[in-house]
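We use all heavy atoms of the structure for the numbers below, so side chains are in, but hydrogens, waters and symmetry mates are not. Note that ligands are numbered from 1 as they come in the structure, with each ligand's atoms numbered from 1 the same way. Note that the numbering runs from 1 along the sequence shown for the chain.
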Amino acid sequence: MNATLETIWKRKSIRKYKPDPIPEEHLHLILEAARRAPTGSNRQNWCMVVVSEAGMRQKTAEACDSQMWMADAAIILCLVTLPGEGKVNGTIVLDHAILAATSLGYGTCWIGAYDEAKVKEVLGIPADHGIICLTPLGVPAEQPAARPRKTPAQLFMLDQFGSPLDYSL
Ligand SMILES: Cc1cc2nc3c(=O)[nH]c(=O)nc-3n(C[C@H](O)[C@H](O)[C@H](O)COP(=O)(O)O)c2cc1C
């Protein structure tokens, strides 16, 4: 298996973090992976708040349904969409960041449970911008087992809807 597939296989939601910092060169590689993500018509209609200060991380975690374990990670990333834009592009951007982080050994967890108004207030995001998702980004303090997935035949269809495509690896 190549490194890209290994990274995709390796990614899991991490909900326990060590307080260790992330070296700047690693953070910049992760952000650069996000910057290189494709967007429709290359609109690049997103921006990202990198939350590093401990008090800000606490407040951000509170705004995310009080998932306080998020604040233990060195950083929280918050993916923001520009006014009037949809969510597809930003989702791809955050996935690029998450996979880059995984490849460097860091833990992440998609966070979709948040109070949008509260997150905006904490991070100073203008009201006309949207939020896609957040993720903590830090050194994992757990190695959970892979969570189950549906079988290939439940997910894939060949040529016709309802005609299962199956395989085994
Ligand atoms: C859009 C989205 C929103 C999510 N929101 C949360 C969340 O708010 N809190 C949380 O603990 N996990 C959240 N998750 C993580 C999922 O629970 C997790 O990805 C799923 O159970 C599969 O586990 P895995 O990521 O380890 O493969 C979210 C995942 C996605 C894709």
Side-chain angles (χ1 to χ4, degrees), residues 1-20 22 26 30-31 33-40 45-52 54-82 85-123 125 129-156 167-169:
M1 206 178 335
N2 69 31
T4 304
L5 294 178
E6 270 174 18
T7 296
I8 293 170
W9 267 232
K10 194 167 87 174
R11 188 218 53 81
K12 294 166 198 163
S13 293
I14 300 297
R15 299 185 176 90
K16 283 191 184 137
Y17 291 90
K18 297 181 184 169
D20 310 23
I22 296 185
H26 282 175
I30 292 163
L31 301 185
R35 196 177 72 89
R36 289 176 185 238
T39 54
N45 47 358
W46 61 276
C47 53
M48 187 191 285
V49 183
V50 178
V51 188
S52 64
M56 294 290 286
R57 296 195 324 256
Q58 287 281 330
K59 286 184 195 160
T60 304
E62 268 165 35
C64 294
D65 286 6
S66 293
Q67 300 183 77
M68 297 314 296
W69 48 270
M70 289 173 64
D72 296 335
I75 282 172
I76 297 173
L77 303 178
C78 178
L79 210 297
V80 176
T81 46
L82 303 189
E85 298 285 355
K87 293 208 164 199
V88 174
N89 291 322
T91 309
I92 295 167
V93 168
L94 192 56
D95 206 45
H96 269 52
I98 281 176
L99 290 177
T102 306
S103 77
L104 292 169
Y106 297 108
T108 58
C109 183
W110 283 86
I111 298 292
Y114 55 81
D115 181 322
E116 179 155 337
K118 278 191 199 158
V119 174
K120 284 182 178 175
E121 188 188 325
V122 168
L123 301 180
I125 298 167
H129 287 51
I131 295 173
I132 306 271
C133 266
L134 301 90
T135 180
L137 167 63
V139 176
E142 64 168 354
Q143 292 299 340
R147 277 93 188 187
R149 294 293 189 259
K150 293 179 179 178
T151 63
Q154 288 174 310
L155 294 167
F156 303 114
Y167 62 79
S168 58
L169 290 176

Can an N or O of Lys12 be found at a distance shorter than 3.5 Å from an N or O of ligand 1?
no
Which word best sums up how the rings of Tyr17 and Trp69 line up, parallel for under 30°, tilted for 30 to 60°, or perpendicular for over 60°?
parallel
Which ligand 1 atoms, with their elements, are less than 4.0 angstrom from a heavy-atom of Ala113?
8 (O)
Considering the heavy atoms of Arg15, write down every atom of ligand 1 situated less than 4.0 Å from one of them.
10 (C), 11 (O), 12 (N), 15 (C), 16 (C), 17 (O)
Could you check whether any side-chain N or O of Asp65 sits under 3.5 Å from a backbone N or O of Gln67, counting only pairs where one atom can act as donor and the other as acceptor?
no
To which protein heavy atom is atom 22 (C) of ligand 1 closest, and what is the distance rounded to 0.1 Å?
Arg149 NH1, 3.7 Å
More than 12 foreign heavy atoms under 6.0 Å from CZ of Arg36: is that the case here?
no
Report yes or no: does Tyr106 contribute a side-chain atom to a donor-acceptor pair with the main-chain N or O of Ile22 at less than 3.5 Å?
no
For atom 20 (C) of ligand 1, is the nearest protein heavy atom under 4.0 Å away?
no
Shortest protein heavy-atom distance from atom 1 (C) of ligand 1, along with the residue and atom involved
Cys133 SG, 4.0 Å
Atoms of ligand 1 less than 4.0 Å from Ser13 heavy atoms?
15 (C), 18 (C), 19 (O), 23 (O), 24 (P), 25 (O), 26 (O)
Atoms of ligand 1 under 4.0 Å from any heavy atom of Gly112, numbered from 1 in the order shown, are 3 (C), 4 (C), 5 (N), 6 (C), 7 (C), 8 (O)
Is atom NZ of Lys16 surrounded by more than 12 heavy atoms (other residues, nucleotides or ligands) closer than 6.0 Å?
no
To the nearest 0.1 Å, how far is atom 29 (C) of ligand 1 from its closest protein heavy atom, and which atom is that?
Trp110 CB, 3.3 Å
Closer than 4.0 Å to some heavy atom of Gln67 - which atoms of ligand 1 meet that?
7 (C), 8 (O), 9 (N), 10 (C), 11 (O)
Taking everything shown except Glu121 itself, do over 12 heavy atoms lie less than 6.0 Å from its CD?
no
For atom 23 (O) of ligand 1, what's the nearest protein heavy-atom neighbour? Residue, atom name and distance, please.
Arg147 CD, 3.4 Å
Val50, Thr60, Val119, Thr135 screened by side chain to side chain contact (heavy atoms under 4.5 Å, CB included) with Ile76, the one that passes:
Thr60
List the steps and the verdict of side chain to side chain contact (heavy atoms under 4.5 Å, CB included) for Cys78 and Leu123.
CA-CA 9 Å; Cys78 178; Leu123 301 180; 3.8 Å; yes
Is the side chain of Lys10 donor-acceptor paired with the backbone N or O of Thr102 at a distance under 3.5 Å, no angle test?
yes
Any atoms of ligand 1 less than 4.0 Å from a non-hydrogen atom of Cys109? List them with their elements.
10 (C), 11 (O), 12 (N)
Out of all atoms in ligand 1, which are within 4.0 Å of some heavy atom of Trp69? Include the element for each.
11 (O)
